[in-house]
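These values consider heavy atoms only, across backbone and side chains, with no hydrogens, waters or symmetry-generated copies.
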Amino acid sequence: MTAGAGNRLIPSATRFFEDLQPGDSWSSQGRTITETDLVTFATWSGDMHPLHTNQEYARGTQFGERIFHGPGTLAVAFGLEMAMGWKDRSAIAFLGIHEWNLVAPVRIGDTIAVREEVVELRPSATKPDRGIVKTRLHVLNQRGEVCQQGFWVVLLYRSAAYTP
C-alpha cells in the first residue's frame, strides 16, 4: 500500500474530512512487542490462556511458542494509528471496525506497524459540520507480513466547523 497510481501519501498532520480523498495512505512507526506487553495484556484483560502464558503448552501448538494476544495487537495498532497524528483535533468519534481478521500470529520480539488507506468518504446526512471516513488498515510485522487487517470507521470534523 504505497503511494502511487492514484494514491497520495500524506504526511502526519491533522486532516479534516475535506482534506482527504480515497487512496490517501500513510504508515506508522514500528513498535516491538515485548514480554512485558504480553504479561501486561494477559493480566489487564484476564486472558490467561496457556497459548499466551505457558511456554510448555505453547511449544506443543502449531505456533511452537507463546504468541501475543490478538486483541492486544489490535490495541497496539490503535496506539500506532493515533500516533500518526492525522486525526489530532479532527476526530469526533471512533464508529466501528468492520471485517477485522487475524491473519498471522504476532510473536514476542515482532515489530509491528500500521498501514492505512482511505477507502470511503461520506458527508454526514444530518450534520454538515462532519463526515464519515472509512479506512483499510493492515497491521504488518517486520517482514511486511499482514498479521491483522480490516476497516476502521471514524467521524471527523470539517475544518470550517472545528473550534479548539
Side-chain angles (χ1 to χ4, degrees), residues 1-15 19-88 90-91 93-121 132-154 156:
M1 229 169 33
T2 58
N7 289 345
R8 293 186 304 151
L9 185 64
I10 62 176
S12 294
T14 298
R15 299 292 187 228
D19 296 328
L20 299 169
Q21 65 185 36
D24 286 346
S25 62
W26 49 95
S27 297
S28 75
Q29 294 185 5
R31 182 183 182 295
T32 301
I33 301 302
T34 67
E35 173 77 19
T36 301
D37 293 325
L38 186 146
V39 172
T40 300
F41 189 83
T43 303
W44 175 80
S45 69
D47 181 353
M48 296 293 189
H49 191 281
L51 180 58
H52 311 298
T53 61
N54 181 324
Q55 182 59 39
E56 293 308 312
Y57 173 89
R59 190 173 284 132
T61 69
Q62 68 191 37
F63 305 108
E65 63 184 325
R66 292 176 305 139
I67 61 172
F68 191 49
H69 303 73
T73 299
L74 177 62
V76 171
F78 272 105
L80 290 170
E81 195 260 1
M82 283 304 299
M84 289 191 282
W86 74 270
K87 294 187 295 190
D88 288 351
S90 62
F94 182 74
L95 299 178
I97 299 174
H98 301 273
E99 301 175 37
W100 194 254
N101 294 293
L102 284 66
V103 179
V106 172
R107 302 170 190 281
I108 298 169
D110 278 353
T111 299
I112 61 173
V114 165
R115 284 198 192 150
E116 189 169 28
E117 178 183 358
V118 175
V119 295
E120 183 181 328
L121 298 163
I132 297 168
V133 179
K134 183 177 184 180
T135 60
R136 176 181 296 111
L137 194 122
H138 293 89
V139 179
L140 304 158
N141 65 20
Q142 68 276 9
R143 294 177 297 282
E145 300 164 340
V146 175
C147 298
Q148 296 186 11
Q149 63 185 2
F151 298 93
W152 290 5
V153 182
V154 66
L156 291 186

Where [X] and [Y] come nearest, the two heavy atoms and their spacing:
{"X": "Leu38", "Y": "Ile67", "answer": "CD1-O, 3.4 Å"}
{"X": "Met48", "Y": "Thr53", "answer": "O-OG1, 3.1 Å"}
{"X": "Gly30", "Y": "Ala113", "answer": "CA-CB, 4.1 Å"}
{"X": "Pro105", "Y": "Asp110", "answer": "O-OD2, 4.0 Å"}
{"X": "Val139", "Y": "Ala77", "answer": "CG2-CB, 3.7 Å"}
{"X": "Ile97", "Y": "Phe94", "answer": "CG1-CZ, 3.5 Å"}

Quick check: are there more than 12 heavy atoms from other residues, nucleotides or ligands sitting under 6.0 Å from CD of Glu145?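 Buried by this count: over 12 neighbours within 6.0 Å.
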
In terms of heavy-atom contacts, does CD of Glu99 have more than 12 from other residues, nucleotides or ligands at under 6.0 Å?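 Open: at most 12 neighbouring heavy atoms sit under 6.0 Å from CD of Glu99.
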
Rounded to the nearest 0.5 Å, how far does [atom2] of [Y] lie from [atom1] of [X]?
{"X": "Leu140", "Y": "Cys147", "atom1": "CG", "atom2": "SG", "result": "7.0 Å"}
{"X": "Lys134", "Y": "Glu117", "atom1": "NZ", "atom2": "CD", "result": "12.5 Å"}
{"X": "Gln29", "Y": "Leu80", "atom1": "CD", "atom2": "CG", "result": "8.5 Å"}
{"X": "Glu116", "Y": "His138", "atom1": "CD", "atom2": "NE2", "result": "11.0 Å"}
{"X": "Gln142", "Y": "Ile33", "atom1": "CD", "atom2": "CD1", "result": "10.0 Å"}
{"X": "Leu102", "Y": "His69", "atom1": "CG", "atom2": "NE2", "result": "12.5 Å"}

Worked check of side chain to side chain contact (heavy atoms under 4.5 Å, CB included) between Leu20 and Trp86: CA-CA 10 Å; Leu20 299 169; Trp86 74 270; 3.6 Å; yes

Quick check: does any side chain N or O of [X] sit under 3.5 Å from a backbone N or O of [Y], one acting as donor and the other as acceptor?
{"X": "Gln148", "Y": "Gly70", "value": "yes"}
{"X": "Thr135", "Y": "Leu137", "value": "no"}
{"X": "Arg107", "Y": "Phe63", "value": "yes"}

So Asp37 and Thr34, side chain to side chain donor-acceptor pair (under 3.5 Å) or not? Walk me through it. CA-CA 5 Å; Asp37 293 325; Thr34 67; 3.2 Å; yes

Side chain to side chain contact (heavy atoms under 4.5 Å, CB included) with Ser28: which of Met84, Met82, Arg115, Glu81?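 One option only clears the test, and that one is Met84.
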
Using the side chain to side chain contact (heavy atoms under 4.5 Å, CB included) rule, take Glu65 and Gln55 through it: C-alpha gap first, then chi angles, then the decisive distance, then the call. CA-CA 6 Å; Glu65 63 184 325; Gln55 182 59 39; 4.0 Å; yes

Over 60° means perpendicular and under 30° means parallel, so tell me whether Phe78 and Trp152 are parallel, tilted or perpendicular.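 Answer is parallel, since the angle falls under 30°.
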
Indicate the ring-plane relationship of His52 and His49, choosing parallel, tilted or perpendicular according to the 30° and 60° boundaries.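 Correct class here is perpendicular.
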
Counting C-beta onward and ignoring hydrogens, is there a side-chain heavy-atom pair between Lys87 and Arg15 closer than 4.5 Å?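 Of all side-chain heavy-atom pairs linking Arg15 with Lys87, none is under 4.5 Å.
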
